[in-house]
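Note that the structure is predicted; figures quoted are calculated from it, not measured. FYI, the numbering just counts along the sequence from 1.
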Amino acid sequence: MTEERVITCINCPMGCRMTVTLEDGAVVKVTGNTCKRGDTYAHQECTMPVRMVTAVVPVEGSRMPLSVKTKSPIPKAMIPKCMEELANVRLTAPVQAGQTVVADVCGTGIDVIATRSIA
């Protein structure tokens with residue numbers, strides 16, 4: 001079965017609107033991109049989309065929550081499960097920027113790390 005999707009590339013400021021043709025779930029044609037990054041993005045977005053996840057978690061002894069993020073993008077479908085895991089995280093100061101907050105979140109092999117330090 002052939003399907004066409006129109007997507008907007010987010011890899012550079014150009015924001016190319018691309019038409020992606022898929023056959024049986026596989027990308028067979030990408031048009032509208034002005035650079036190779038658009039082609040790469042279209043393949044990824046239409047077959048296995050991934051996203052960085054950012055959130056905040058509470059830190060005992062701190063008025064401000066700690067901002068955290070995935071160390072690299074995770075599958076888009078895993079975002080709700082990742083947020084559920086993060087909702088159960090409770091930290092105690094001190095926390096260092098870059099410190100692993102959740103290892104192997106949702107079995108993705110990707111860690112969630114602190115984006116700043118709290119003394």
### Message
Distance check, rounded to the nearest 0.5 Å: Glu60 atom CD versus Arg90 atom CZ?
### Response
10.5 Å

### Message
Main chain of Val53, side chain of Thr70: is a donor-acceptor contact present, judged purely on distance under 3.5 Å?
### Response
yes

### Query
Mind checking whether Cys106 and Ile74 have side chains closer than 4.5 Å, heavy atoms only?
no

### Query
With distance as the sole test, does Arg37 use its side chain to make a donor-acceptor pair with the main-chain N or O of Thr34 at under 3.5 Å?
no

### Query
Hey, quick one: are Val27 and Met18 part of the same hydrophobic cluster, counting side-chain heavy atoms closer than 4.5 Å, chains of contacts allowed?
yes

#### Entry: Nearest heavy atoms of Ile110 and Pro73, plus distance in Å
CD1-O, 3.0 Å

### Query
So, Ser62 side chain and Val59 main chain: donor-acceptor pair closer than 3.5 Å or not?
no

### Query
Do the side chain of Gln99 and the main chain of Gln96 share a donor and acceptor less than 3.5 angstrom apart?
yes

### Query
Within a strict 4.5 Å, meaning less than it, do heavy atoms of the Asn88 and Leu86 side chains meet?
no

### Message
Distance check, rounded to the nearest 0.5 Å: Cys9 atom SG versus Glu45 atom CD?
### Response
9.5 Å

### Query
Okay, side chain of Thr100, backbone of Val102: is any donor-acceptor separation there less than 3.5 Å?
no

## Note on the structure
In this structure, CD1 of Ile79 is separated from CE of Met52 (nearest 0.5 Å) by 11.0 Å

### Shared hydrophobic cluster for Val50 and Ile113 (ILVMFWY, side-chain gaps under 4.5 Å)
no

### Query
Looking at Ala119 and Ala93, what are the two nearest heavy atoms and their distance?
O-CB, 3.3 Å

### Query
Can you tell me how far the SG atom of Cys46 sits from the CD atom of Glu4, to the nearest 0.5 Å?
11.0 Å

### Query
Where do Cys82 and Val105 come nearest, in terms of heavy atoms and distance?
SG-CG2, 3.7 Å

### Task
Check whether any side-chain N or O of Asn33 sits under 3.5 Å from a backbone N or O of Cys35 as a donor-acceptor pair, and report yes or no.
yes

## Note on the structure
Contacts of Arg5 meeting side chain to side chain donor-acceptor pair (under 3.5 Å) (sequence neighbours excluded), chain-then-number -> Glu3

## Note on the structure
Here the gap from Met48 atom CE to Lys76 atom NZ, rounded to the nearest 0.5 Å, amounts to 12.0 Å

### Query
Is the side chain of Asn11 donor-acceptor paired with the backbone N or O of Gly38 at a distance under 3.5 Å, no angle test?
no

### Query
Closest approach of Ala114 and Val68, non-hydrogen atoms and distance?
CA-CG1, 4.2 Å

#### Entry: Exam field: side chain Asp111 to backbone Lys71, donor-acceptor pair closer than 3.5 Å
no

### Task
Using the rule that two of Ile, Leu, Val, Met, Phe, Trp, Tyr join whenever any of their side-chain heavy atoms come within less than 4.5 Å, decide whether Val112 and Met83 are in one cluster.
yes

### Summary
Across all chains, not counting sequence neighbours, the side chain to side chain donor-acceptor pair (under 3.5 Å) partners of Ser67 are Thr115

#### Entry: Over all atoms of both residues, closest heavy-atom pair of His43 and Val30
CE1-CG2, 4.0 Å

### Query
Taking only residues two or more places apart in sequence or in another chain, which ones pass side chain to side chain donor-acceptor pair (under 3.5 Å) with Asp39?
Lys36

#### Entry: Within-4.5 Å side-chain heavy-atom neighbours: Val101 and Leu91
yes

### Task
Search all heavy atoms of Ile7 against all heavy atoms of Ala42 and return the closest pair with its distance.
CD1-CA, 3.8 Å

### From OG1 (Thr31) to CZ (Arg17), nearest 0.5 Å
11.5 Å

